[in-house]
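Let me begin by presenting the structure, written as structure tokens, before commenting on it.
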Amino acid sequence: MDVPCVRVPRERGETARRALADADLIADEFEITVDDGALYIPVTDPDAVSALDLEEAADGDVEIVTREVDERETQTTPADLLGFDPSYERLGDVVLLDEDDGERALEIAEAVVDSDLPVETVLNKASKVKGETRIRDWEVVAGGDEGGDGSGGDQPPATETVHREYGCEFCLDLAEVYFSPRLATERHRVARQVEAGERAFDMFAGVGPFVIPFARRGAECVGVDVNERAIEYLRENARRNGVEGRVTAIAADVREVAPKYEGWADRIVMNLPHSADEFLESAATLAGDDCVVHYYDIQHEDDPFGPGERAIRAAAEPEYDVTVETRRRVRSYAPHELNVCLDVRLER
Ligand code: SAM
């Protein structure tokens, strides 16, 4: 079968394989092959591989090619057992489903558990994300206290897991905090812009998927979230990733914190699509003389960037010169609606 593969000289193969495994990009269902002094590593997402600093990690000479490779015979996938390819996301040892039909969810969950995937729990979405903290309800379909809410008595709840993303570890409980594995590539795109010594402020930090990789690159970080549990996990994740000395985690409404950090930030992350515009005054308070803001928004596909750009200009001008450096479509959110990011430089 033709599969996208990373081709790397054999002697640098292990370094490249480790970097790809850390980013969860290896297509495990296919064999890694050696041919004519090169290693071919099958990958799940060639675009995400391009965003990874693999050239640097493997010391150059890395290419993405399409190649015929064998399937690994030892792996039984959920699709093998079901006879169709179910749609799901992986978060640590948890599989996430989005199925309206409970019986179909159960059928997929049983196949996931019986397959060779290293999975402990299967959860099905039981509501949309809700309210200020953007948490949703989950039904435990397999593993944990099946059919329950995941609270699990004395055991860690079935909804808690440790997820790895681009070499960082995140412990989190989906019943108590917001987290989406789908944004990994986007977060990595932003993290690659961060330089050692800069001051980064995440206004809606969650469990730290921006803050932790920023701090690992040497930034001094402040993460704020109104959800106290998210801030507890952010502190734990800072310790797990060895960056607690560069992370300040604050449980509060960011509008109350902003005046204490007036003019502090070289970089600001605003990942609260739908209502980030209500926090732009606080962002302008936080911004230093030269500051990049990563502003996430959800808008109609006809004009996905206009409303955000106008709102930023209204909040920051004339005190700052406003330059939009990147307009990026992150993913489709709903029919005709896009989740987008504006990277905007504010210069005083
Ligand atoms: N940045 C994280 C991520 O990418 O996973 C979390 C993003 S989540 C969409 C938005 C977060 O903003 C939630 O964790 C929520 O609790 C937090 N939040 C909402 N209103 C807030 C406020 N006024 N001040 C601080 N945090 C807030």
Side-chain angles (χ1 to χ4, degrees), residues 1-6 17 20-33 40-49 66-129 136-150 152 155-166 169-175 178-185 331-332:
M1 188 171 169
D2 281 349
V3 176
C5 290
V6 167
R17 194 200 61 75
L20 290 165
D22 277 349
D24 209 10
L25 288 172
I26 296 182
D28 291 323
E29 62 274 34
F30 298 106
E31 296 282 4
I32 296 176
T33 48
Y40 292 82
I41 309 169
V43 292
T44 52
D45 181 351
D47 289 343
V49 173
T66 300
R67 182 183 165 91
E68 191 171 338
V69 290
D70 292 334
E71 289 192 35
R72 279 173 65 173
E73 282 170 15
T74 49
Q75 290 258 328
T76 304
T77 67
D80 295 335
L81 300 172
L82 288 164
F84 62 87
D85 207 358
S87 147
Y88 59 83
E89 292 174 82
R90 299 262 305 268
L91 185 75
D93 59 4
V94 175
V95 155
L96 308 176
L97 306 180
D98 186 5
E99 295 292 338
D100 293 334
D101 177 345
E103 276 187 23
R104 185 179 148 98
L106 195 58
E107 187 191 1
I108 296 172
E110 282 171 359
V112 166
V113 169
D114 291 343
S115 75
D116 287 330
L117 291 181
V119 169
E120 291 293 323
T121 310
V122 182
L123 305 176
N124 193 20
K125 289 182 185 172
S127 77
K128 293 192 180 310
V129 289
R136 72 168 84 237
D137 298 331
W138 296 93
E139 188 194 350
V140 183
V141 203
D145 55 342
E146 280 163 42
D149 62 0
Q155 301 294 321
T159 42
E160 186 179 85
T161 190
V162 177
H163 178 65
R164 288 176 70 81
E165 187 173 291
Y166 289 96
E169 262 187 30
F170 300 102
C171 184
L172 62 114
D173 182 347
L174 276 176
Y178 171 92
F179 191 89
S180 171
R182 279 196 208 165
L183 298 176
T185 309
R331 61 176 171 145
S332 114

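Here, residue 1 is the first one in the sequence, and each next residue gets the next number. What you are looking at is a predicted structure, and each value in this text was computed from that prediction instead of being measured.
- Contact record, R136 with S127: NH1-O, 2.9 Å, taken as the closest heavy-atom pair.
- A distance-only check finds a donor-acceptor pair linking the side chain of S115 to the backbone of L117 [under 3.5 Å].
- Although no hydrogens or angles enter the test, the distance criterion places a donor-acceptor pair under 3.5 Å between the side chain of D116 and the main chain of T76.
- Evaluated for a side-chain contact (heavy atoms from CB on, under 4.5 Å) with L96, the options V122, N124, L174 yield exactly one hit, L174.
- No donor-acceptor pair closer than 3.5 Å links the side chain of T44 to the backbone N or O of I26.
- Here E29 does not pair with R72 in a salt bridge; the nearest charged N to carboxylate O distance is not below 4.0 Å.
- Of all the heavy atoms in P4 and P46, the pair that sits closest is CB-CG, 3.8 Å.
- Using a 30° and 60° split on the angle between ring planes, F179 and F170 fall in the tilted class, from 30° to 60°.
- When every heavy atom of E89 is checked against every heavy atom of K125, the shortest pair comes out as OE2-NZ, 4.1 Å.
- Under the 3.5 Å distance criterion, the side-chain polar atoms of R164 are left unmatched by any main-chain donor or acceptor of E169.
- Annotation: side chain of M1 is in contact with side chain of F30 (closest heavy-atom distance under 4.5 Å).
- Smallest separation of non-hydrogen atoms from G92 and T161: CA-OG1, 3.6 Å.
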### Message
Checking E31 against Y40 for the side-chain contact (heavy atoms from CB on, under 4.5 Å) test, could you report, in this order, the C-alpha distance in whole Å, the side-chain angles of both residues, the deciding distance, and whether it holds?
### Response
CA-CA 9 Å; E31 296 282 4; Y40 292 82; over 6 Å; no
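- Side-chain contact check for L123 versus V141: every heavy-atom pair is 4.5 Å or farther apart.
- Classification of R67 and D2 as a salt-bridged pair fails, no side-chain N sitting under 4.0 Å from a carboxylate O.
- Nearest heavy-atom pair, T185 versus A48, reported as atom, atom and distance to 0.1 Å: OG1-CB, 3.9 Å.
- In this structure, the side chain of D80 engages the main chain of T77 through a donor-acceptor pair within 3.5 Å.
- Minimum interatomic distance between E99 and S87 (heavy atoms only, all atoms of both residues): OE2-O, 4.5 Å.
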### Message
Evaluate I32 against R17 for side-chain contact (heavy atoms from CB on, under 4.5 Å), listing each step before the verdict.
### Response
CA-CA 10 Å; I32 296 176; R17 194 200 61 75; 4.0 Å; yes
